[in-house]
Amino acid sequence: MGVAHYLPYAMILALARLGLRSSEVVSLELGDIDWVTGRIRVRGKNGQRNDLPLPADVGEAIADYLRKWRPRNASRRVFLRDKAPIRGFKGPSGLGCVVRRSLKRAGIDAPTTGAHQFRHGLASEMLSGGASLGEIGEVLGHRHLQTTAIYAKVDLDALRTLALPWPGEAQ
């Protein structure tokens, strides 16, 4: 797998498993990863900093990218552009382009093609796994449950199977 494939894998895995925003992924620096404790420091909106557990698969993908595929460069950014000039991404839109190219190359026809879909997917997955909106909001770095509710789409068909019948209704 060449850098053109491995860069997106590590970045997309960070989006999908950690629920990070594009801006949080592209601004990750080498010192933000604590390999000993298995934690990652993320710079969120409004300068907010969150220390998150680093899932083993995400850590392995990032470590593999750093060891084998990251161009030699003085930049402290974890992820570097794979085209000249080799440097950190200017902003989150660069990651959006990486995601769109990766989806197209994989033959995935998704309803949305941006990086943000992974935050929504993680929130929905957590909700279906029994996590509360508060827990999901904590992972996504939200201050208000209303914001989290937008991300955590409710599977209404699944909820219907859990609903109790109204009193007097046939069972």
Under the criterion side chain to side chain contact (heavy atoms under 4.5 Å, CB included), I'd like the reasoning laid out for V78 against D32: C-alpha separation, chi angles, the key distance, then a yes or no. CA-CA 9 Å; V78 170; D32 292 335; 6.0 Å; no
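- A 4.5 Å side-chain heavy-atom check between R105 and P8 finds at least one atom pair inside the cut-off.
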Let's go through L122 and R17 carefully: what are the C-alpha distance in whole Å and the side-chain angles of both, what is the deciding distance for side chain to side chain contact (heavy atoms under 4.5 Å, CB included) to 0.1 Å, and is it a yes or a no? CA-CA 7 Å; L122 178 64; R17 298 274 287 124; 6.0 Å; no
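- Atom CD1 of I150 sits about 11.5 Å away from atom CG of L140, to the nearest 0.5 Å.
- Residues I40 and D34 have side chains not in contact (no heavy-atom distance under 4.5 Å, counting atoms from C-beta outward).
- In plain terms, the two heavy atoms of V25 and A14 that are nearest each other are CG2-CB, 4.4 Å.
- Within the 4.5 Å cutoff, side-chain heavy atoms of Q117 are placed close to those of V99.
- Between atom CG of residue L20 and atom CZ of residue R43 there is a gap of 12.0 Å, rounded to the nearest 0.5 Å.
- Between the N50 side chain and the L52 main chain, no donor and acceptor come within less than 3.5 Å of each other.
- The two residues A10 and A61 come nearest to each other via the heavy atoms CB-O, 3.8 Å.
- The distance from atom CZ of F89 to atom OG of S27, rounded to the nearest 0.5 Å, is 12.0 Å.
- Here OG of S75 is found 12.0 Å from CZ of R81. Values are rounded to the nearest 0.5 Å.
- No donor-acceptor pair closer than 3.5 Å links the side chain of R77 to the backbone N or O of L30.
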For L13 and L18, run side chain to side chain contact (heavy atoms under 4.5 Å, CB included): C-alpha distance rounded to whole Å, both residues' side-chain angles, the deciding distance at 0.1 Å, then the answer. CA-CA 8 Å; L13 202 56; L18 296 170; over 6 Å; no
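- For the pair R39/P53, a side-chain contact is recorded, criterion being any heavy-atom separation below 4.5 Å from C-beta on.
- The line from CD1 of I136 to OG of S124 is 8.0 Å long, rounded to the nearest 0.5 Å.
- Put simply, CG on L54 and CH2 on W35 are 6.0 Å apart, with the number rounded to the nearest 0.5 Å.
- Residue E138 places its CD atom among 12 or fewer non-hydrogen atoms of other residues, nucleotides or ligands, all under 6.0 Å distant.
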Start with the C-alpha distance between L80 and R87, add both sets of side-chain angles, then the distance that settles side chain to side chain contact (heavy atoms under 4.5 Å, CB included), and finish with yes or no. CA-CA 5 Å; L80 302 179; R87 61 175 183 227; 5.6 Å; no
Run R41 and D51 through salt bridge (Lys or Arg N to Asp or Glu O under 4.0 Å) and show every step you take. CA-CA 4 Å; R41 173 157 288 166; D51 281 350; 2.8 Å; yes
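- At least one donor-acceptor pair under 3.5 Å links the side chain of R119 to the backbone N or O of G19.
- Aromatic ring centres of F79 and Y65 lie closer together than 6.0 Å.
- A donor-acceptor pair under 3.5 Å is formed between the side chain of S128 and the backbone N or O of E125.
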